[in-house]
**Q** 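Can you keep this structure in mind? I'll have questions shortly.
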Amino acid sequence: MKNNIKIQTRNYGFYYGNTKVLADIDMDILKNSTTAIIGPSGCGKSTFIRTFNRMNDLIVNAKVAGEIKIDGIDIYKDNIDVVDLRKKVGMVFQRPNPFPKTIYENIVYGPRLHKRCTKQQLDNIVEVSLKKSALWDEVKNKLRGSAMELSGGQQQRLCIARVLAVDPEIILMDEPASSLDPISTQRIEDLIDELKENYTIIIVTHNMQQAARVSQKTAFLLTENIGEPAKLIEYDNTDKIFTNPSDKRTENYITGRFG
Amino acid sequence: MRKTFNEQLDGIIEDVITMGSLSQQAVHNAVEALVEMNVELADKTIEGDKEIDDYDISIEEKCVILQAEYQPVARDLRLIHSISIIIIHIERIGDLSVNIAKVVKRLSKSGVEKMEIDIIELLVEMGNLVQTEFNKALTAFKNKDAELANKIDEIDDAVDDLQKTVFRKFFSKAKLFEDVRFIANASLASRYLERIGDHAVSIGERVIYFLTGDYKVFHRSI
Ligand SMILES: Nc1ncnc2c1ncn2[C@@H]1O[C@H](COP(=O)(O)OP(=O)(O)OP(=O)(O)O)[C@@H](O)[C@H]1O
Ligand SMILES: [Mg+2]
């Protein structure tokens, strides 16, 4: 049971300066599954998942309270190497953000940073990552072409390939399909479904049906009163959340009724 | 202005309630036609079924469109899903009323003017009980009352018993009633009434499901 847990938060809270935006979050996130984080705009979903790879370290005065453990190790302990952590915990953003370089360069950037690789190793990483992200067939003949010339949906899959190239264990996705058309969205969703076999995926989405389609667990965050921190209202199997949530507030949110 | 999801859903609920009362009226008329051997009322029941069928189709269509447009979840999903099934039961109750009305016409054609009083009494009692069941089912739906929905199958046992009594009565009277056609038709009528009760129970279960989200309700035996 316990070794099924990849990420564990206890008494987790988050401050921007003196403002506490998240509080009291106890969550066990399971290995090799997709967990969806839902909640109204501004409730702190992005803030929450960014703490899993310490992206928030860059923000002045931001502070984490409580505990976040990955594989049982507290990631906010002093002796944690943040570069290693970010290799282990990759992130895909709402807007595809490829570097203004070739497709090939985009993918080998990470691996080069982490270790010395031969040309052949790099070629291999490019091919494997692009295949995993279901982009290979579309770009295999233009690897030296600019990443900026790909469509939005292709760019997003390239960004996923870039994350996969450094061989992460956890992939954070912050609204990864919100700027994509339905077909590209479906490809990303299919991809998430395949990737969860080997990775632990946490996805933030505003699309309830998407959360229902891609995830096995869903967490609902809500700021009940303005000025107070958001809390974890309900965390359960996705099927349960979307057919019969236990908490009235979850029900009101997912059915589009508030209050 | 475009109707909101909730306005559309409320409209569908209204339609279900209207359809339910038409079907209730059909049961009432069918039972009355049966005990009075009233062919005119039987014809009226048969004609009235068209309107129930129309509601069935239009409600189903509205549910499909609403799901396509809004992809509802949780309680809304359970409600719309349940409505799609509840209207099938209401429509079937309408059909069973038509079947009873046809029994009346057949019996009347074969010269039966009035049934034996003890048979009438049994059928009237069955008719009353299934109407109560059906009424409770519709009220539970309308008022979102799981407790009431839970009570419907209590009556259903009595209906089942009555039907057995009707059958037994016919067999004991087999020598008296030479007319096999009469026995067959009247037995059918009691069977149809019993089925109406079953559909009412099923509606109640759907109400419980949409209110509680608990699938276990379908696993109880009826
Ligand atoms: N750098 C920052 N400094 C101060 N406050 C911030 C900062 N970033 C976010 N916040 C505040 O923290 C709260 C949570 O923001 P966050 O971006 O995590 O929300 P979210 O749930 O991801 O919203 P959305 O769905 O709109 O993306 C908001 O009230 C926001 O204004
Ligand atoms: Mg966000």
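First the proteins, then the strands, lettered A, B, ... as listed; each starts at 1.
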**Q** Could you check whether atom CD of E125(B) has more than 12 heavy atoms from other residues, nucleotides or ligands sitting under 6.0 Å from it?
**A** no
**Q** Counting only heavy atoms not in K231(A), do more than 12 fall under 6.0 Å of its NZ?
**A** no
**Q** Please flag which part of R75(B) lies under 4.5 Å from any non-hydrogen atom of chain A: side chain, backbone, both or neither.
**A** both
**Q** Is there a donor-acceptor pair closer than 3.5 Å between any side-chain N or O of Q71(B) and the backbone N or O of Q209(A)?
**A** no
**Q** Quick check for you: among T243(A), I241(A), T250(A), which has the greatest number of heavy-atom pairs under 4.5 Å with chain B?
**A** T243(A)
**Q** Locate the shortest heavy-atom distance separating A74(B) from I254(A); write the atom from each residue and the value.
**A** CB-CD1, 3.7 Å
**Q** Surrounding CD of E60(B) (heavy atoms of other residues, nucleotides or ligands, distance under 6.0 Å), is the total greater than 12?
**A** no
**Q** Considering residues, nucleotides and ligands other than Q186(A), do more than 12 of their heavy atoms fall under 6.0 Å from its CD?
**A** no
**Q** Give the minimum heavy-atom separation between D76(B) and T255(A), together with the two atoms involved.
**A** OD2-CB, 3.2 Å
**Q** Please check if the number of heavy atoms outside K31(A) that lie under 6.0 Å from its NZ is greater than 12.
**A** yes
